[in-house]
Amino acid sequence: MTIILGIESTAHTFGVGIVQNGKILANIKDTYTTEKGGIIPLDAAKHHEKISEKIYEEAIKESKISKKDIDAIAFSHAPGLAPCLIEGMKFAKKISKKLNKPVVPVNHCVAHLEVGKITGAKDPVMLYASGANTQIIAYEAGKYRIFGETLDVGIGNFIDNFARYAGIGFPGGPKIQELAKNGKTYIELPYKVKGMDIALSGILTNLKQKLECGKYNIENLSYSLQETAFAMLVETAERALAHTGKKELLLGGGVACNSRLQEMCKIMCKERLKLEGNETKLFCPDRPLLVDNGAMIAFLGEIMFNAGIKISDLEKIDILPRQRTDEVIVSWK
Ligand code: ATP
Ligand code: FE2
């Protein structure tokens, strides 16, 4: 019986989750938002510092456990915005000292993939589509490998940036999804797939120009944005499935909440059966596990803890803001 506390703080979300034997007992979070403009890392970090104790207490209350029963404190030490990561680490160390329990440093991207297995996926290719990250990841030959990724901006930031430009606020994803439902005409946009990778900034510039010229309405532009950018994600995800021979596609990240993206992935999986004779199952966790959250950090933290990964000397703990998914040393599999 292990109980692990997980702390997430890589970007705008501060979350605390509690997991016991793979079961999520609590998953509480609070997200820093801005009226206008993007995330200011130092302000987000201040938000995390202010809110941390409250979120922690709420998670404890929700889980109905006693603090002394916690076996270890997992926290996301990579990758992310340095000031935000530091707040998470400070808080993890504080709790570790108070409870006299070790710390487990967890990679945020790998946590997205591992927690997705709660849906029943065993060895999936994951399409991780969030604000800052857009990667196709799968575990193969001892590492979590990146089979494809964005060469410039993340898919969520791309959508948010266009939404902000169009004056429809932040976060843009859900709003663009609603507008797209009323789009009737597809407007040609650049389609940028380079091998297994994608590029989005050229499409963003093109969309802004099209909006600026006044010839196109926002509904049709939103519709075309989704159809184009999501087709690029689905194409590269399919290529990774074909390359690895894996038979499961798992969605992760906030943009995976999008119903059209989910639908396109479903169609692709069905067509793989028809065209390739290769049955591919689609798995998609519920929204609280898709977006950034503490439960996924606790979930992977527990797997690592049970494999003997824990640090008691707090001096040895640090953040790795730029760690790539394929740099994670996997000693727990
Ligand atoms: P990262 O995980 O890369 O650090 P993040 O913290 O910004 O980035 P998430 O919390 O996973 O990422 O997701 C936030 C993003 O999800 C935002 O860009 C938001 O616009 C997008 N999003 C949320 N709901 C939808 C939706 N229904 N359709 C499209 N995008 C969505
Ligand atoms: Fe994330």
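Predicted model only: the values in this text are computed from it and were never measured. When a ligand or atom number is given, it counts from 1 through the structure's own listing order. All residue numbers refer to positions in the sequence shown, counting from 1.
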Kindly write out the residues that satisfy side-chain contact (heavy atoms from CB on, under 4.5 Å) with Thr2, not counting sequence neighbours, or none if the list is empty.
-> Asn21, Asp71, Glu302, Phe305, Asn306
Compute the ring centroids of Phe14 and Tyr32, then answer whether they are less than 6.0 Å apart.
-> no
For Ile168 and Lys175, work out which heavy atoms get closest and say how close.
-> O-CD, 2.8 Å
Within a strict 4.5 Å, meaning less than it, do heavy atoms of the Leu5 and Tyr56 side chains meet?
-> yes
Closest approach of Val106 and Ala111, non-hydrogen atoms and distance?
-> CG1-CB, 4.0 Å
Quick one: which ligand 1 atoms are inside 4.0 Å of a heavy atom on Gly253?
-> 11 (O)
Tell me, please, which residues at least two apart from Lys117 pass salt bridge (Lys or Arg N to Asp or Glu O under 4.0 Å).
-> Glu114
Report yes if some N/O of Ala132 lies less than 3.5 Å from some N/O of ligand 1; otherwise report no.
-> yes
Shortest protein contact, atom 27 (N) of ligand 1 (heavy atom only) | Gln177 OE1, 2.9 Å
Report the part of Phe158 in contact with ligand 1, treating N, CA, C, O as backbone and CB onward as side chain, heavy atoms under 4.0 Å; options are side chain, backbone, both, neither.
-> neither
Which residue supplies the protein heavy atom nearest to atom 15 (C) of ligand 1, what is that atom called, and how far is it?
-> Gly131 N, 3.9 Å
Distance from atom 1 (P) of ligand 1 to nearest protein heavy atom, with residue and atom | Ser130 OG, 3.2 Å
Residue part near ligand 1, for Arg287, under 4.0 Å between non-hydrogen atoms | side chain
Nearest-neighbour protein heavy atom for atom 7 (O) of ligand 1, which is reported as residue plus atom name and distance = His12 NE2, 3.1 Å
Any donor and acceptor pair, going by atom type alone, linking the side chain of Lys93 with main-chain N or O of Leu314 inside 3.5 Å?
-> yes
For atom 6 (O) of ligand 1, state which one of Asp160, Val255, Asp292 supplies the nearest heavy atom.
-> Asp292
All side-chain contact (heavy atoms from CB on, under 4.5 Å) counterparts of Thr244, not counting sequence neighbours = Val125, Glu140, Phe147, Lys246
So is Lys333 actually on top of Tyr139's ring, under 6.0 Å and inside 45° of the axis?
-> yes
Determine whether the side chains of Thr280 and Glu248 contain a donor N or O and an acceptor N or O closer than 3.5 Å.
-> no
Can you list the ligand 1 atoms lying under 4.0 Å from a non-hydrogen atom of Pro171?
-> 19 (C), 20 (O)
Which atom of Pro321 lies closest to which atom of Leu85, heavy atoms considered | CA-CD1, 3.6 Å
In the protein, N/O/S atoms that are found under 2.8 Å from the Fe ion (ligand 2), waters not counted = His108 NE2, His112 NE2, Tyr128 OH, Asp292 OD1
Within 4.0 Å of some non-hydrogen atom of Gly156, the atoms of ligand 1 are 18 (O)
Heavy-atom contact under 4.0 Å between His108 and ligand 1?
-> yes
Candidate with minimal heavy-atom separation from atom 28 (N) of ligand 1, of Ile39, Thr134, Asn258, Leu81 = Asn258
Mind checking whether Thr13 has an N or O less than 3.5 Å away from an N or O of ligand 1?
-> no
Check for a donor-acceptor pair, side chain of Asn27 on one end and backbone N or O of Ala295 on the other, with a separation under 3.5 Å.
-> yes
Note, His77 side chain near Met89 side chain (heavy atom, < 4.5 Å) = no
Among Gly173, Gly252, Gly254, closest by any non-hydrogen atom to atom 23 (C) of ligand 1 | Gly254
